[in-house]
Structure formats: structure tokens, C-alpha cells
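Report on the structure given below.
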Amino acid sequence: MLGTGIIKGMAETARNFLGSYTSEERLPTVQYPEEKLPAKENARSFPFLVYDRNDPELGLRCVACLICEKECPPQCIYIVKDTTKKPDHTGKLQAHPKTFDIDISVCMSCQICAEVCPFDAIKMDIEYAFSTGDRFEGLLLHKEQLAKPNDHYQKIHPTEAAEADARLAEEKAKAEAKAKAAAAAEKPAEMAVPGSVR
Amino acid sequence: MSATTESPPSRNYEILPKADFNGALDGDVLEVSMGPQHPSTHGVFRMDVVLDGETVLKLKPVFGYLHRNHEQIAERTSYLASMPYTDRLDYFCSLTNNWAYALTVEKLAGLQPPERAEYIRIITAELTRLQNHTCLAGFLLMDMGALGTPLMYAFREREKILDLFESLTGARMMCNYMRFGGCRVDLPEGWLEQAKKVVESYPGFLDEFENLLSSNEIVMARTQGVGRLSKDLAINASITGPMLRACGVNYDIRKVDKYGIYDRFDFRVPLGDHGDCYDRYMIRILEMRESLKILNQALKDIPAGPIMDPKAKLRAFKPKPGEVYGRIEAPKGELGFYLISDGSASPYRYRVRPPSLINLTILEDMCLGQSVADVVVILGSVDIVLGEVDR
């Protein structure tokens, strides 16, 4: 009969409409600014720089190796190296960035910078409401705005951060063992030296 | 695939003599520019349509408004850095785009993704196909005038799949997930159970959607016999994907190439026989049901293990010189990448074969003689995404 298809469809619409009052399944929306969905653990928005020891200046893990700057697909990272060296988490003297800018109006949140970084220094944040009236300076984030403590990273990506920390601790232990071995290797030499000098 | 004709079928470009255009259009024939800011063109796409009353006499698709230099950019950056750009080709199906590109580079560099990665790829690709076809059905019905309701139902279901993508890859649409030789991260805890739940609930939604519209008299009147595409023309114009299968040609790259591990799954290829808009709509609904079959098998069988080929390199990736063409069955058709490597860190030549663009080339042949309102439906049934057409 002509029209049965339409009636069937209307019944479906009615079921959905009435169902939205009783079933959560049929009403999955939330009222956004007042109500927000919880962030997923893997979610990502823009990069930030991780620092340790509550020291945003000296504790920055970044050693200005420029790998992220080179790999960034839209080329939104700008780094200037500082010539003076500072010790990193293993105690080794490393370079550090004098300037580290990310233009988040260009950034496309692909997280390739976080992925290629060999020092676990740059990670992805989950903050997303960055709108500003100043579209040039307001969206160009400098080192001071980008630096965030390791605790923040632990909070937003717990699983990933635990892995990163384990990796860094392992590196540190290795470096310490190496330093100890080097010191131990130096000692006999030192003992031999006095005799020869004399 | 033997059906080819002796000579290509004539295309009626010269229906109107040139003089008619040059002289004043006297009311009999009207040239209308549909788009680029037209809600039914699915983006910035323009059609120059010549109308006699409501009948289409001539149609010229004009694209390029969304050109972003994708191929040139890829030739100047590293292999890895063009991965996020492939998300932006067909922004509904970023995971299949990723897979096509990863597959091509793996062929070039001789990498073999481990078992678990292959399963993850199949699961994500089939979920992508589900959500693409769901969206398409919604959009197509919106083009026919069913404003809102079916589209919102489709988007409600699609959002469940996008939630899965977000918890796996970190982004709803711009996933950037596959890597050369595997996948970026392993499945988070509980993801498989969540995916199983979505897959279980999907047939219910499809039944509901079919109840809603497949037997609807208005939908049938608007789509059946509209925009007929003949088998021969489809093959000659190298149409692929659901468009080709709606004409009755049994050609699915998942079956032909058996890339990845598709040979292990039991699924059928739905075929149409009229090649009209209704067939194209129905093929997609049936394909979704087949995708669910694949998903059920893959979610059951997925093994544990590593997700990256140990030979794969993230930084300083330089494949050996050579050329390669890799293709997959993307939801819209054959998505291919053609790469030439000269041994340096960036490809010497990078070319995308976008299914939407090639499926769009026969738009005029489908539209001639139809009314102008049908043009919108025909365009909707082709399933284009302008990000991919213009690149």
C-alpha cells in the first residue's frame, strides 16, 4: 500500500523522540559550556614542555636538539639554542633552549614532535579553549607559557607518563653506573700515577 | 573485469551549439552556477549547469577551491611528516588514508607490520567504513530533503565510533595513527570490550535506519532510476568502490589484492544491478553489514604481541631508491599512493589517486536529462569529500 513506508518511518521517529525522555542511549548530547565530557586519556590538543624539580628554567628537559623543529609538519616550532650549558636529569651538561616558541594557530596537533623527541621533553596537553582576541601574539606561546611540571603530565596521561618516567629513571641509573665505572677505572690510574711522578 | 567496449561511449558535450551560449540566453536555456557556497555540494564545489526548464542539458564540474598543495608539501618534508597531512585528504576516513600511505611506504622500505598491528588496522579501517557510510546515508537523505532527522540519527551512531577513535588515537578525526611498520600506540585497556559493544549495537541501528527510510515511498521515487550509470562507462572511467559495485561489477580491492590480512576474513561483496542512486545507497547499507561481519571476526581473533616491526625507524627514515604504488579499498573507492624514492629523507615524487575525484568525473553523464533537483541527489550518492578531490 502506498504510504506504509512513510508510516513505518514516522513510527521510528516517534520511538526515538519518546525514547529520548527515558533512555540515555537515545540522548547522548550534553549542554556544552556548563557540562563537559570527561577527557579521554589519550586525548591531545597542543604541545607543552615538561620540566622536573619544580624549576621551569633549569629543570626543562629540552636540550634544544632541534629534532622537533625539523620534523614538525607545518613548521610551527621555533627554537634558538643557548650557548651556555646546563646539567640535564642525568647530570650531563647539555644545551638548552634560549627561545622556544610554538605558534598554535599553525599547529595541527599531530603529536609528531612528542613522538620524535628522544628526551621525553615535549608532550601533548589536553587543554583546548585557547580563543583570544589577539590572533598573532595571543596564539604564539613562548617558553614560559609552554613549560609545565611533570606532575601535570602525570595527571593528564598517567599511563604514558609512567612509561616515560621509567625510561628516564633507567637512563639515569645507566648514566650513574657508567660514571661510577669511569670513576672506578680512573682510580687505579690515579694510584699508578703518583708512583710514576715520583 | 573483461567488459570493455570497442570505443568509449560518446559524451554529449556539444548538445548545444556554441552560438546559443554566445547569444543572449533567451529564457529557453539558462546557465546556472551551483556552488561553491551551496549546502548540497558537500563543500566548496561548483557545477556550471545549463538548464532547459528543469532539465539538465549540460553540466561542468569545477573544483580546486580547496587545493592545499598536499603533494608538493609531501615532496619537501620527511616521509613521517606527511602522515598527518593524509588525515586531511578525506577527513571522514583518516585511518584508511593513513593505512594506504603506510602500506605504500612499507612496500617501498620492505617493512612487515606484526600480526597484532594488522588486526588493529583492519578493525580501525572497518570502523572507518562504518562511520563513513553511516554519514553518507545521512547526508544523502538530507540532500533529498529529509532535513536533520536521519542525519542526526546517523551522527549519533557515528559519534560512538569517533569516541573509540579518540580513546585509541587521541583525536576524533585527525587520527594520525598508523606508522611505517605498525601502529603508534597499542590498544588502551578496555578498548576491545568497548568496540565489541559498539559493534553489537550497530545492527540494531541499521535496522532502525532501514525501517526509517529504505522502504519510504518518497526516497524510492527520488532515487530509483535516477542517475543511472552503465557498467561499461563505469569501467571505462575507472570508477571504483561502492559506485562501481552498484553497477554490478564485482571488484573490491579487499578481495582482489587481499592486502593486509583480508584473506583470513569471511565476508561477501554486495552488488547492485541498476546502477542508480537507490542501488548506491543500498550498497552502502549492505556493505556496513559486511563490515560488521569482519569486525566480529577480527575482534574475536586479535592476538597479543608487538605492534611495530623491529626494523622500523622513526627518525632519519630513508627508504632505498625505487618506485611503488600501493592501494587499498577506502570507503569511497580505490585510494592509491604512488611514490618515487631517490634514497633521501623525502619522496622524489608523491602522488595520490583519490577515489572521490575520479568518481566525480562521470557526474555529467549521470546528470544529463535529469531534473536539476536530481543533480543534488546524484552528487550526494557519489560520496565526495572535497578535501580529497582538491588535495
Side-chain angles (χ1 to χ4, degrees), chain A residues 1-17 19-20 23-30 37-45 65 67-76 107-118 123-126 128 156-160 163, chain B residues 73-74 76-78 80-88 141 146 149-150 152-153 155-157 159-160 163-172 174-177 179 184-189 191 201 204-205 207-221 314-317 345:
Chain A
M1 194 188 80
L2 193 70
T4 37
I6 295 177
I7 292 165
K8 242 163 75 185
M10 285 301 189
E12 203 61 61
T13 318
R15 188 150 28 157
N16 268 285
F17 173 64
S20 69
S23 143
E24 287 276 308
E25 275 284 283
R26 295 194 192 274
L27 192 68
T29 49
V30 295
L37 290 173
K40 303 261 185 326
E41 197 190 319
N42 273 343
R44 59 174 197 255
S45 63
C65 64
I67 289 178
C68 54
E69 190 186 35
K70 213 170 77 197
E71 284 285 343
C72 175
Q75 300 282 302
C76 69
C107 175
M108 58 188 198
S109 311
C110 64
Q111 81 156 28
I112 281 189
C113 52
E115 211 170 314
V116 296
C117 180
K123 294 290 170 196
M124 299 306 284
D125 210 343
I126 53 168
Y128 51 85
I156 57 174
H157 303 303
T159 324
E160 200 189 297
E163 272 167 31
Chain B
I73 290 173
R76 309 199 61 162
T77 54
S78 66
L80 175 64
S82 22
M83 186 60 91
Y85 284 116
T86 61
D87 289 339
R88 282 133 179 104
L141 293 161
T149 309
M152 285 306 121
Y153 291 175
F155 266 44
R156 184 186 67 202
E157 297 307 310
E159 205 58 36
K160 291 179 190 164
D163 275 351
L164 285 177
F165 288 170
E166 193 184 0
S167 60
L168 172 60
T169 70
R172 288 167 67 247
M174 302 295 132
C175 297
N176 183 21
Y177 179 61
R179 288 289 174 268
R184 199 185 70 217
V185 287
D186 205 348
L187 302 174
E189 220 172 294
W191 193 88
S201 73
F205 160 69
D207 292 342
E208 185 184 295
F209 208 77
E210 283 206 72
N211 248 342
L212 186 64
L213 290 154
S214 294
S215 56
N216 187 307
E217 285 80 2
I218 301 172
V219 172
M220 288 200 220
L314 193 60
R315 291 180 288 264
F317 176 75

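With a 4.5 Å cut-off on non-hydrogen atoms, D87(B) does not touch chain A at all. E71(A) touches chain B through backbone and side chain together, each having a heavy atom under 4.5 Å away. Proximity to chain B (any heavy atom under 4.5 Å) is shown, for Q75(A), by neither the backbone nor the side chain. At a 4.5 Å heavy-atom cutoff, the contact between C117(A) and chain B is made by backbone atoms alone. Of the two parts of T149(B), only the side chain, counted from C-beta on, holds a non-hydrogen atom closer than 4.5 Å to a non-hydrogen atom of chain A. With a threshold of 4.5 angstrom between heavy atoms, R172(B) does not approach chain A through any atom at all.
Counting heavy-atom pairs under 4.5 Å between each of M108(A), Q111(A), E160(A) and chain B puts M108(A) at the top. Of the listed residues R179(B), K160(B), M220(B), the one with more heavy-atom pairs under 4.5 angstrom with chain A than any other is R179(B). Of the listed residues (A171(B), A81(B), G170(B), C175(B)), the greatest number of heavy-atom pairs within a distance under 4.5 Å of chain A belongs to G170(B). Counting heavy-atom pairs closer than 4.5 Å to chain B, the top-ranked of the candidates N16(A), T13(A), I126(A), I6(A) is N16(A).
Side-chain contact between S78(B) and F317(B) is absent, with no heavy atoms from C-beta onward closer than 4.5 Å. Between I156(A) and M124(A) there is no side-chain heavy-atom pair separated by less than 4.5 Å. Side chains of L168(B) and P188(B) form a contact here, defined as non-hydrogen atoms less than 4.5 Å apart. The side-chain heavy atoms of C76(A) and C107(A), taken from C-beta on, include a pair separated by under 4.5 Å. With contacts defined as side-chain heavy-atom distances shorter than 4.5 Å, the pair R184(B)/N42(A) does not qualify. With contacts defined as side-chain heavy-atom distances shorter than 4.5 Å, the pair L141(B)/Y153(B) does not qualify. Between M174(B) and S109(A), the closest side-chain pair of non-hydrogen atoms is not below 4.5 Å.
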